[in-house]
**Student:** 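Below: one structure in structure tokens.
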Amino acid sequence: MDSVPIQDDSSHQGVSSESASVEVITLSASSFVGGCALLAAGILFLGGVMPVWFLASEVLASILALFLLGSFKYQVHKNALTYGTLLVIVATFSRLGTSEWHSQIREGGWWHWAHLNVFSFRGLDELVHADTMLFILGLTFFVAVIAQTRLLEGITFNLLHRYQGAVVPTVISVIAFVAVASGIFDGVSMIGLTIRTLVIILLLAAAPMSAIRYAVIVCTFITTVCGTWLAYGEPPNLIMKANLYPHLGNTFFLLYCGPGAIVCYLLIARELRKRLRNRRVFLELLDVIEAEAQDVRFLQATRHGEVLTPVEFIEDHAAELGGRAEGVLRWLRQGESLGIALFRENLPEESRKRLLGHFVSEELADSLDRHYQLLFARDQEGARQVEQVVAEALASRAHLRRRAQKIGAIAIVPFIALLILHGIDHRLPLFLSSFAGFLFAVVGITGIPKMRALAMHEARTEYAEYYFLFPLFLSITLLTKAGFFDQIQTLIHKGIDSLGQGQVAFAQFLGCTFLSAILDNNVVADFASRGLHGLSPSLLHLFAMAQIMGYALGGCWTHIGCAQSVVAFAFIRRDLDEAFTPLQWIKDCTPILLQLLVALTALIYAENALLRWLF
């Protein structure tokens with residue numbers, strides 16, 4: 001085993017330490033899988049007939065292990081954990097007395113079973129949610145390409161100018177756009193884009209660090225809870241939709257989850273309004289890098305195959321700055337521009353030009369350095385004249401960006417069209433829509449090799465964080481085939497008879513909220529939703545809404561609850577406050593979470609009262 005310091009990680013279910021000095025003992029992945037293989041062999045060849053409850057306990061242990069062996073001192077890579085424990089779970093399943101698959105194999109043989117469950121798309125979809133996971137794959141690549149066009153930065157700065165530098169209406173409008181987009185596109189990709197854009201605006205407005213940190217945190221709520229108005233933006237929603245087909249269509253999400261998404265958005269907007277009141281970006285004082293952010297970032301991706309905030313850029317080039325890197329970072333976090341921060345730390349002219357040239361363009365390095373030199377000397381008129389030269393040079397190169405943005409916007413048309421066709425006829429696979437959008441959008445950046453490579457790399461990296469789900473989905477399918485969820489359904493019916501449907505819905509909401517805070521909410525969704533079969537449509541809709549809101553809300557509560565919270569926590573630790581801890585995350589999250597919890601509880605009971613009145 002290896003002893004290594006904990007590193008911030010933007011991966012799903014990755015966990016950062018409470019302090020940078022705490023060490024994590026990383027257990028050998030190969031040894032863990034090997035041990036699981038030996039245990040599986042023992043069960044397979046030496047074990048007797050296994051009860052269903054034993055299989056259920058293994059699946060539960062595997063899910064809990066993601067939290068226990070991913071959050072504390074001793075850790076195992078999540079892929080090794082889930083694929084290793086799957087070996088044990090499959091061996092135990094094979095030793096059950098009977099199951100649906102046992103009967104299929106006895107009656108038709110192994111080839112018949114494989115033809116039904118492995119060599120058909122329908123079988124794979126039932127086995128590991130193949131259609132949902134392929135849709136997420138295509139969507140991940142689609143959004144990664146759209147992100148490279150810098151569309152959100154362009155929208156944000158247009159809004160900032162429209163509102164004459166006022167931060168509150170700009171931020172409220174941006175998060176409204178993101179909330180809507182999160183119901184259609186991948187919330188994980190949306191949060192990375194949203195965080196960086198909002199932080200740029202708030203730093204320009206010299207907002208206090210606590211307000212910036214809070215804005216980053218609430219981005220998780222915007223892209224999860226506010227994205228529940230449609231099924232396509234969040235994997236738990238898609239999993240629920242697949243497990244409960246044909247009961248959960250787009251109409252269900254609009255009518256049952258849409259009101260909750262709207263109420264949560266309004267509460268979040270109110271909190272941001274309180275914290276950012278009277279903040280303003282003085283547009284006339286913006287330097288050229290800040291004013292032309294979308295062109296600068298597009299140029300970075302085109303030239304270097306990476307897009308960095310000034311803080312990330314200085315951190316990557318800290319070695320070139322010697323002992324001055326911390327000083328530059330301090331000025332940047334106080335809202336200074338990159339060029340002025342370099343002057344404040346007295347960097348030599350050669351170093352300034354080299355850094356500015358790499359951040360924007362070597363051809364503009366002299367002009368940029370002259371602009372900041374005049375600005376630092378308070379020669380506003382001279383700085384403005386040089387700035388105009390730089391702005392014109394950037395504008396002359398903007399045609400590629402505008403072309404990519406137009407093609408990306410048009411690519412949404414086939415994506416939406418195929419989503420609608422899938423809604424009309426579910427025999428059309430869902431994943432075709434996201435792949436169609438991606439194949440159309442990528443045309444806009446095909447002629448920009450480094451940007452295309454960056455988009456592909458970001459998409460592959462993001463999707464790799466879903467690999468650990470496949471064995472968990474298969475494990476839950478094994479439980480289904482063993483009849484375990486028939487017993488869960490019986491318990492739900494008994495709970496309704498003894499407590500009432502409103503109380504059972506609320507209990508499911510609280511339970512899913514808590515479990516999603518400590519476990520992966522995708523797995524919680526797959527597990528919990530399978531117990532809703534056999535209910536009347538009205539009750540199924542009520543319970544499904546309660547569960548979906550629980551997955552989204554609980555996923556934001558901790559720094560490991562969902563992919564979005566992991567991304568946001570890692571960003572805070574890396575770019576805003578390296579001493580920020582998981583306990584501080586929970587402390588900052590809990591007040592807004594409690595407000596949303598109360599509002600969603602009221603909606604659940606209101607929906608229950610309406611159903612009782614109607615039926």
Side-chain angles (χ1 to χ4, degrees), residues 1-40 57-89 188 213 216-217 220 315 461 464-469 471-472 475 513-524 527 554-590 593:
M1 64 181 68
D2 303 317
S3 176
V4 296
I6 290 182
Q7 301 292 327
D8 287 335
D9 185 1
S10 61
S11 65
H12 194 33
Q13 291 292 330
V15 181
S16 296
S17 67
E18 293 203 12
S19 76
S21 61
V22 175
E23 287 192 343
V24 161
I25 306 299
T26 304
L27 304 176
S28 169
S30 57
S31 298
F32 183 85
V33 174
C36 289
L38 289 174
L39 181 57
S57 66
E58 290 178 342
V59 175
L60 179 61
S62 177
I63 296 171
L64 288 174
L66 279 172
F67 172 66
L68 297 174
L69 293 178
S71 302
F72 304 109
K73 183 174 182 178
Y74 294 94
Q75 297 187 6
V76 175
H77 192 279
K78 59 182 180 292
N79 287 348
L81 194 153
T82 57
Y83 284 91
T85 54
L86 177 64
L87 298 175
V88 179
I89 291 167
V188 182
R213 209 167 51 214
V216 172
I217 289 173
T220 61
E315 287 176 340
T461 301
E465 302 307 326
Y466 290 104
Y467 291 162
F468 80 104
L469 290 174
L472 292 174
S475 299
T513 298
F514 173 74
L515 289 176
S516 295
I518 62 172
L519 307 175
D520 179 79
N521 59 359
N522 298 289
V523 179
V524 178
F527 189 92
C556 303
W557 200 358
T558 64
H559 71 301
I560 60 167
C562 67
Q564 287 94 319
S565 62
V566 175
V567 170
F569 180 80
F571 182 90
I572 292 173
R573 286 286 298 269
R574 184 182 63 248
D575 291 333
L576 299 179
D577 182 2
E578 64 182 10
F580 191 68
T581 68
L583 287 178
Q584 285 177 289
W585 173 281
I586 294 172
K587 181 181 177 182
D588 288 347
C589 265
T590 299
L593 183 136

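Count residues from 1 along the sequence. Small disclaimer: the values here were computed from a predicted structure and weren't measured. Values below: every heavy atom of this structure, side chains too, minus hydrogens, waters and symmetry copies.
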**Student:** Taking all heavy atoms of Gly84 and all of Cys36, pick out the closest pair and write down the distance.
**Tutor:** O-CB, 3.1 Å
**Student:** List the atom of Cys556, the atom of Cys589, and the distance in Å for their closest heavy-atom pair.
**Tutor:** O-SG, 3.3 Å
**Student:** Hey, does the side chain of Arg573 reach the backbone of Phe580 with a donor-acceptor pair shorter than 3.5 angstrom?
**Tutor:** yes
**Student:** Any chance you could lay out the side-chain contact (heavy atoms from CB on, under 4.5 Å) test for Leu27 and Gln75, step after step, and finish with the verdict?
**Tutor:** CA-CA 6 Å; Leu27 304 176; Gln75 297 187 6; over 6 Å; no
**Student:** Output the distance between atom CG (Leu583) and atom NE2 (His559), rounded to the nearest 0.5 Å.
**Tutor:**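 Result: 9.0 Å between the selected atoms.
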**Student:** Quick one: are Val216 and Phe569 in side-chain contact, heavy atoms under 4.5 Å?
**Tutor:** no
**Student:** Let me know which of Ile89, Val59, Leu66, Leu81 forms a side-chain contact (heavy atoms from CB on, under 4.5 Å) with Leu472.
**Tutor:** Leu66
**Student:** What I'd like to find out is whether the side chain of Leu593 reaches to under 4.5 Å of the side chain of Trp557, using heavy atoms alone.
**Tutor:** yes
**Student:** Go through the structure and list residues passing ring-ring contact (aromatic ring centres under 6.0 Å, His included) with Phe571, not counting sequence neighbours.
**Tutor:** none
**Student:** Could you grab the distance from atom OG1 of Thr26 to atom CG of Leu69, nearest 0.5 Å is fine?
**Tutor:** 11.5 Å
**Student:** Nearest heavy-atom pair of Ala40 and Leu87: which atoms, and what distance?
**Tutor:** CB-O, 3.4 Å
**Student:** First locate atom NZ of Lys78, then atom OH of Tyr467, and finally report the distance between them rounded to the nearest 0.5 Å.
**Tutor:**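 So the NZ of Lys78 and the OH of Tyr467 are separated by 11.5 Å.
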**Student:** Quick one: are Asp575 and Glu315 in side-chain contact, heavy atoms under 4.5 Å?
**Tutor:** yes
**Student:** Between the main-chain N or O of Cys562 and the side-chain N or O of Ser565, is there a donor-acceptor pair closer than 3.5 Å?
**Tutor:**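 Here the side-chain-to-backbone pair exists.
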**Student:** Using every non-hydrogen atom in the two residues, find where Gly555 and Asn521 come nearest and quote the distance to one decimal.
**Tutor:**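 Smallest interatomic distance, heavy atoms only, reads CA-ND2, 4.4 Å.
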**Student:** How long is the straight-line distance from CH2 of Trp585 back to OG1 of Thr220, given to the nearest 0.5 Å?
**Tutor:**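 That separation rounds to 4.5 Å.
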**Student:** Under the rule for salt bridge (charged side-chain N to carboxylate O under 4.0 Å, His left out), what residues qualify as partners of Asp588, not counting sequence neighbours?
**Tutor:**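 Listed in chain order: Arg213.
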**Student:** About how many Å separate OG1 of Thr82 and CZ of Phe468, when rounded to the nearest 0.5 Å?
**Tutor:** 7.5 Å
**Student:** Check for a donor-acceptor pair, side chain of Thr85 on one end and backbone N or O of Ser62 on the other, with a separation under 3.5 Å.
**Tutor:** no
**Student:** How long is the gap from CD on Gln584 to CD1 on Ile572, to the nearest 0.5 Å?
**Tutor:**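 CD1 of Ile572 is found 9.5 Å from CD of Gln584.
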